[in-house]
Structures are given as C-alpha cells and as structure tokens.
Amino acid sequence: MKLLAGNSNRPLAEAIAAYLNAELTRATVHRFADMEVFVEIHENVRGEDVFIIQSTSFPANDNLMELLVCIDALRRASAKRITAVVPYFGYARQDRKSGSRTPISAKLVSNLITQAGAHRVLTLELHAGQIQGFFDIPVDNLYSTPLLAPDIAREMGTEDLMVVSPDVGGVTRARGLAKRLNAPLAIIDKRRERAGVSEVMHVIGDVRGRRCVLVDDIVDSGGTLCHAADALLEAGAVSVQAYVTHAVLSSGAVGKITASSLDKLVVTDSIRPTESVRVSHKLGVLTVAQLIGEAIHRISEETSVSSLFD
Ligand code: R5P
C-alpha cells in the first residue's frame with residue numbers, strides 16, 4: 001500500500017500515515033509561475049494499491065486540480081488501484097439544479113475524479129448520501145457519528161440532552177446520533193414566508209429545560225448554527241453546543257461563532273484547521289485520522305468498512 005498526500009491537509013495525511021505505521025510516498029506537488037499544478041512522484045508505484053489523500057476545501061479549485069493531477073500521475077505510473085481519499089468533498093452542496101440553467105457541479109466533480117483514473121473513492125460525511133450514485137466506481141462514505149457521539153457523552157453527559165438538526169435536510173444524520181446517544185431529537189424548520197422577508201425558525205420538538213446539541217455536516221458562514229442556537233434558547237433550551245464534521249468556516253465565521261449564543265462548537269480536521277480555529281476558546285477539534293486510517297486499512301485488506309459503524 002502507498003499513501004500520497006496533496007497539499008490541502010498535510011497534518012491529517014501525516015496522522016493517517018502514523019496510524020497505519022506507514023510513510024507518505026515521496027512526491028512533490030508544486031506550482032508553475034502561472035499557478036499550473038505539477039506533480040512528480042519520486043518512488044515506484046507500479047502495481048501498487050495507492051491512496052491519495054486530498055480534501056477539496058479552500059482554495060477548492062486548486063485543491064481539486066491537485067487531486068486530479070495526482071490521480072493522472074499515478075495512473076500513468078501504472079498504479080494497480082487508485083483510491084481518492086477525500087475527507088471533505090467540496091462542491092457537494094451543488095448536488096441538484098437549484099434553479100433554471102444552473103449546474104450540478106457535484107456530478108461534474110464526480111465525473112472528473114473518475115475520468116482522471118480513480119478506481120474508488122473514500123470520503124466522510126457526504127452532504128447528501130445520494131452523491132455516491134454520481135460515481136460509477138465504489139464510494140465508501142464514512143460517518144463521523146462514532147467519533148462525535150463518545151465526545152458528546154464525555155463532554156456533555158446524556159442527562160436532559162437533546163440532539164437537534166438545524167434543518168430538515170440533516171434529520172437522518174441527527175437521528176443517527178440521537179439513537180447512539182439514546183437522546184430525543186428535535187428539528188429546526190427554516191422558512192421564508194415571503195420573498196424578501198427574513199427566515200423564521202420553527203423548533204419542532206419540546207426543547208424546554210434541555211441541553212441541546214446541534215449536529216450538521218458543514219459549518220460555512222456559521223449563520224445556520226448561530227440562528228439555530230438563538231431559536232433554541234428562545235424556545236426554552238438551557239444551553240446549546242454544536243458538533244459539525246466539516247469546518248469550511250469562511251471569512252468572518254469564527255468571529256460570528258465566538259460572539260454567538262453557542263457555548264461551544266466542535267469540528268473535525270477533515271479540513272485543515274486555521275490558526276483562528278486552533279486558538280478560539282469556543283472551538284474544539286477532533287481528529288478523523290484514526291477513522292480514515294482504519295477505513296484505508298480495511299479497503300487495502302479487502303475487509304468490511306461498514307462494520308466500523310456497527
Ligand atoms: C446545508 O444544507 C448544510 O448542511 C449546512 O447547514 C450549511 O452549509 C451551513 O452553512 P452556513 O454555516 O453558511 O449557514
């Protein structure tokens with residue numbers, strides 16, 4: 001087995017390699033002056049089972065291009081099997097036509113990865129499970145529940161706990177976590193009654209006296225979580241924390257979360273945490289290195305990946 005790392009999240013790739021007791025394959029991934037990507041692999045990979053680790057996070061297009069160019073280099077170097085390990089699969093939110101004459105970019109990205117030469121994909125907490133069907137190659141979509149649930153139980157306890165989905169789209173994910181924690185589930189229904197009127201948050205479920213934990217796949221601007229926290233407190237919750245897998249945290253988001261009514265936000269390192277995330281007293285980071293490392297081990301040994309979630 002060979003592990004190759006792109007530039008998007010080198011610390012995570014190193015931690016995965018450490019879990020697997022392996023070295024990262026020597027390679028250089030760099031840029032020409034006009035920002036074209038150039039990849040050179042300095043070890044023989046002929047006939048090898050190769051895993052290329054690269055999140056397509058900010059800068060999304062550069063990181064995606066790096067992934068594609070690495071796959072192409074591996075294919076031309078006669079790797080036997082290439083697995084694109086994409087802890088954060090960018091473009092996933094563009095998974096349907098959101099209006100007339102708009103793209104389905106998640107499908108386009110799936111086509112690009114397949115056409116570049118990947119034989120399989122390993123990813124984490126896809127925005128929508130159906131994206132697996134955009135690929136005609138095997139896709140293993142890992143869930144972060146086995147990582148988040150024990151941390152929630154340890155940090156918050158389970159008494160008076162209520163798991164909350166911040167939108168209707170995230171109910172399946174929140175239900176899975178609630179089941180594991182043996183806690184009830186509430187849902188926030190965001191609605192814009194009329195165009196131009198701000199969104200109203202309806203809390204479905206009785207959160208009075210509850211310590212709420214919001215669970216989501218992505219935190220981007222932070223707006224969803226901050227508004228949800230306010231709505232829950234208004235509805236009688238005693239406190240609100242949030243657990244989110246992918247910390248996109250675009251500009252201004254960390255400040256917004258720090259100033260919000262959320263007690264704490266815990267994210268994972270599927271996207272490399274920025275300095276502001278690392279120093280914030282309101283943010284915590286869990287590593288997905290063992291989870292992804294174990295899935296890589298099982299794929300390479302051709303044993304069950306789904307049993308990781310039993
Ligand atoms: C949306 O469907 C996703 O699951 C997240 O809720 C959303 O991407 C969060 O975005 P933001 O932090 O900008 O509100």
Side-chain angles (χ1 to χ4, degrees), residues 4-13 24 27-41 50-76 82-99 101-128 130-137 139 141 217-223 244-254 267-277 288 292:
L4 189 70
N7 285 318
S8 70
N9 196 344
R10 191 92 195 170
L12 176 63
L24 290 174
T28 37
V29 183
H30 55 92
R31 301 292 151 99
F32 288 121
D34 63 355
M35 296 304 282
E36 277 184 11
V37 176
F38 179 70
V39 173
E40 204 170 353
I41 299 162
V50 187
F51 294 81
I52 153 81
I53 304 164
Q54 175 79 330
S55 277
T56 49
S57 49
F58 178 85
N61 299 332
D62 287 357
N63 284 332
L64 172 62
M65 198 62 202
E66 258 190 26
L67 173 65
L68 299 173
V69 173
C70 285
I71 294 171
D72 186 75
L74 289 168
R75 181 167 59 95
R76 291 175 198 284
I82 304 164
T83 302
V85 181
V86 191
Y88 170 67
F89 185 84
Y91 280 100
R93 285 172 288 178
Q94 298 185 48
D95 59 351
R96 72 194 89 90
K97 281 187 77 167
S98 55
R101 296 169 298 282
T102 57
I104 305 180
S105 306
K107 170 64 179 156
L108 172 66
V109 170
S110 311
N111 287 346
L112 290 169
I113 292 173
T114 309
Q115 288 305 314
H119 298 103
R120 54 189 308 135
V121 172
L122 171 61
T123 187
L124 172 71
E125 208 67 59
L126 270 176
H127 177 61
Q130 304 89 292
I131 294 172
Q132 287 171 96
F134 290 2
F135 290 90
D136 281 329
I137 53 176
V139 177
N141 177 29
D217 59 330
I218 296 171
V219 49
D220 186 346
S221 67
V244 179
T245 306
H246 306 298
V248 172
L249 293 172
S250 47
S251 172
V254 173
V267 295
T268 79
D269 58 356
S270 66
I271 295 173
R272 187 178 181 170
T274 58
E275 185 57 19
S276 60
V277 171
V288 292
I292 293 180

Next on the checklist: Between F134 and V109, is the side-chain contact (heavy atoms from CB on, under 4.5 Å) condition met? List the steps.
Outcome noted: CA-CA 9 Å; F134 290 2; V109 170; over 6 Å; no
Item to check | By ring pair (Phe, Tyr, Trp, His ring centres under 6.0 Å) - contacts of Y88 (at least two apart) | outcome: H246
Item to check | Distance (rounded to the nearest 0.5 Å) between N141 CG and F135 CZ | outcome: 10.5 Å
Checklist entry - Passes side-chain contact (heavy atoms from CB on, under 4.5 Å), N61 versus M65? Steps please. => result CA-CA 6 Å; N61 299 332; M65 198 62 202; over 6 Å; no
Item to check | Nearest-0.5 Å distance, CD1 of residue I52 to CG of residue L4 | outcome: 4.0 Å
Item to check | Test log, rule side-chain contact (heavy atoms from CB on, under 4.5 Å), inputs D62 and R31 | outcome: CA-CA 10 Å; D62 287 357; R31 301 292 151 99; 3.5 Å; yes
Checklist entry - Considering all heavy atoms of both residues, which atom of F89 and which atom of T123 are nearest to each other, and what is their separation? => result CB-OG1, 3.8 Å
Next on the checklist: Does the plane of the ring in F38 sit parallel, tilted or perpendicular to the ring in F32? Use 30° and 60° as the thresholds.
Outcome noted: tilted
Checklist entry - Taking atom CG of N111 and atom OG of S105, what is their separation to the nearest 0.5 Å? => result 11.0 Å
Checklist outcome for this item: Distance col, row K97:NZ vs T102:OG1, nearest 0.5 angstrom, shows 5.5 Å
Checklist entry - In chain order, what residues pass the side-chain contact (heavy atoms from CB on, under 4.5 Å) check against N63, with sequence neighbours excluded? => result S8, Q54, S57, P59, E66
Checklist entry - Between L108 and Q94, is any pair of side-chain heavy atoms under 4.5 Å apart? => result no
Next on the checklist: Minimum heavy-atom separation for I82 and I71, please, with both atom names.
Outcome noted: CD1-O, 3.9 Å
Item to check | Which atom of I218 lies closest to which atom of V248, heavy atoms considered | outcome: CG2-CG2, 3.7 Å
Checklist entry - Donor-acceptor pair, N9 side chain versus S55 backbone, under 3.5 Å? => result no
Item to check | Residue of the set V139, T83, I53 for which side-chain contact (heavy atoms from CB on, under 4.5 Å) holds with L122 | outcome: T83
Item to check | Which atom of V29 lies closest to which atom of C70, heavy atoms considered | outcome: CG2-SG, 4.2 Å
Checklist outcome for this item: Heavy-atom nearest pair, D220 first then S250, reads OD1-OG, 2.5 Å
Item to check | Nearest non-hydrogen partners of G117 and R75, listed with the distance | outcome: CA-CD, 3.7 Å
Checklist entry - Considering residues at least two apart in sequence or located in another chain, which fulfil the salt bridge (Lys or Arg N to Asp or Glu O under 4.0 Å) criterion with E275? => result R278
Item to check | Point-to-point distance, once rounded to the nearest 0.5 Å, from CG of L112 to NZ of K107 | outcome: 10.5 Å
Item to check | Interatomic distance, L68 atom CG to T114 atom OG1 [nearest 0.5 angstrom] | outcome: 10.0 Å
Checklist entry - Going through the distances and angles, do T274 and L249 end up as a side-chain contact (heavy atoms from CB on, under 4.5 Å)? => result CA-CA 9 Å; T274 58; L249 293 172; 5.9 Å; no
